[in-house]
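Heads up: the structure comes next, in structure tokens.
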Amino acid sequence: MVGGSIGNLVEWYDWFVYSSFAVYFASSFFPEGNSTAQLLNTMGIFAVGFLMRPVGGWLLGRLGDRKGRKAALTATVSLMSASALLIAIAPTYDQAGYLGVVVLLVARLLQGLSVGGEYAASATYLTEASAPGRRGFASSFQYVSMTLGQLCGLALQMVLQRTMDPDTLTSWGWRIPFFVGALGAAVVFYLRRNLLETEAYEEEEDVATDPRAGRGTLRALAPYKRELVLVLALTLGGSVSYYTYTTYLTKYLSNTAGLAKQDATLVSFCALTVFMCLQPLGGMLSDRIGRRPLLIAFGAGSMFGSVPLLSALGGVDGFWQAFGLMLIALVIVTGYTSINAAVKAELFPTHIRALGVALPYALAQALFGGTAEYVALWFKNAGIESGFYWYVSGCAAVSFVVYLAMRETRDIALKRSEREAAAGEGKPADAVAQPAGR
């Protein structure tokens, strides 16, 4: 869990720090227009990074299935280190005109490529490396590390807000977190080179010459169309809700509710700390009662709760009110975040598991998760901000229907030893050896 999570922390620190510091560097690259228009342009580049996720999911998912989970995990953190360094040294509009925007765009594309493969590599590694009855708990550390990465970015932001005046922070102080991210990724690159490969992947070496077991290819993935659609659909509502209540909400509290930037950052930091601690609890609960009950609870809560929660958050006037409402939203989101990695990994056999998780997940993120902030700011700029609340609710409704229809995945066997143990207990072979739904 430590080996699979520590790199994920740095990956998502670098990914989220762009969003959390956008309010400070937006004017450096887009000097014209009001603050909302500048953020809209900056978050447009943030969304463009998601367009590379399907490419990264395909390339790095293929790498993970053909060369091993360790190889994919090492490659993703290398790309992230390079992209963070590019943002740190990008020239501003005053220094080089729109060249800085080009550098920013290239860096975001590299980050998208990296994160497109990181999610699947991490989810697959954590799920395969854990015992059958602990997969939900182990895989929940993916979102523990993701949230911890975001908290590190927010903590650094709070330190800089209190040690630098706003002009200095806007001028050059925003570069500091990107230098930190590049250094952290370089350290994790070294650590990930010493990871052990998972037993489930090593078992595939025994069937590597079987033409029916082509690893990491689209041809091998083709028979699993139902699982591909399932991953895409169940990700849709979860990703929109997650990015709304974690990444976008800090700006929403500042730009809409009118809280000071420092107060909005503190609210997010405290709520996300609690959210991080909830993930293992959700994972353990799913190991006892199954994955579907938690997913259904999330779908219903987000579908019916998004409009009233976001409406109330838009009118908060103090820390405790904002903290309480944000925490309610994050408790609901935990039903998805704490177990989604395990659910997706449990849907596919080992030889195409990384690619099977990566590609549809990356497509859903590119179309919905990555555009959530842009859609929110578009509605605000158009003067109909409440339309975004219904958008979040509608996305959750689609996933809710999928959660109701899907089969339970908790007891699917991922390794030969699990299949043999299940067979010894008299369970049907197709119930333990095949993905859910096949």
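One is the number of the first residue; the rest follow in order along the sequence.
Taking the six-membered ring for Trp and thresholds of 30 and 60 degrees, Phe319 and Phe323 have nearly parallel ring planes, at less than 30 degrees apart. Below 30°, between 30° and 60°, or above 60°: for Tyr248 and Phe388 the angle between ring planes is above 60°, a perpendicular geometry. Classified by interplanar angle (parallel below 30°, tilted 30° to 60°, perpendicular above 60°), the ring pair Tyr252/Tyr389 is perpendicular.
Counting non-hydrogen atoms of neighbouring residues, nucleotides and ligands closer than 6.0 angstrom, the CZ atom of Phe304 reaches no more than 12 such neighbours.
Tyr242 pairs in a ring pair (Phe, Tyr, Trp, His ring centres under 6.0 Å) with only one of the listed residues (Tyr143, Phe368, Tyr336), which is Tyr143.
Residues Leu249 and Met326 share a closest heavy-atom pair of CD2-CG, 3.4 Å. The two residues Leu126 and Ala138 have their closest heavy-atom pair at O-CB, 3.9 Å. Here the shortest heavy-atom pairing between Ala354 and Thr124 reads CA-OG1, 3.7 Å. When every heavy atom of Gln111 is checked against every heavy atom of Ser83, the shortest pair comes out as CG-OG, 2.8 Å. Among all heavy-atom pairs drawn from Pro177 and Val17, the shortest one is CB-CG2, 3.6 Å. Contact detail for Gly238 and Ser399: the closest heavy-atom pair is N-OG, 4.4 Å.
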Quick one: do Gln142 and Tyr119 satisfy side-chain contact (heavy atoms from CB on, under 4.5 Å)? Show the steps, please. CA-CA 8 Å; Gln142 183 179 53; Tyr119 174 88; 3.3 Å; yes
Might you work through the side chain to side chain donor-acceptor pair (under 3.5 Å) test for Thr247 and Glu373, ending with a clear yes or no? CA-CA 8 Å; Thr247 306; Glu373 288 194 75; 4.8 Å; no
Evaluate the criterion side chain to side chain donor-acceptor pair (under 3.5 Å) for residue pair Thr337 and Gln279; output intermediate values, then yes/no. CA-CA 7 Å; Thr337 55; Gln279 303 311 299; 2.7 Å; yes
Test log, rule side-chain contact (heavy atoms from CB on, under 4.5 Å), inputs Leu309 and Ile332: CA-CA 11 Å; Leu309 279 171; Ile332 294 172; 4.2 Å; yes
Hey, mind stepping through Val115 and Thr76 against side-chain contact (heavy atoms from CB on, under 4.5 Å) and telling me if it holds? CA-CA 7 Å; Val115 176; Thr76 58; over 6 Å; no
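Looking at Ile296 and Leu404, their side chains come closer than 4.5 Å, going by heavy atoms from C-beta outward. A heavy-atom distance below 4.5 Å is not found between the side chains of Thr334 and Phe298.
Leu73 CG to Arg192 CZ: the interatomic distance, rounded to the nearest 0.5 Å, is 4.0 Å. With rounding to the nearest 0.5 Å, the separation of CD in Glu227 from CG in Leu347 is 6.0 Å.
Panel note: side chain Tyr13, backbone Thr147; no donor-acceptor pair is recorded below 3.5 Å. Arg291 contributes no side-chain N or O that, together with a main-chain N or O of Val343, makes up a donor-acceptor pair within less than 3.5 Å.
You'll find the ring centres of Phe275 and Tyr245 outside the 6.0 Å limit.
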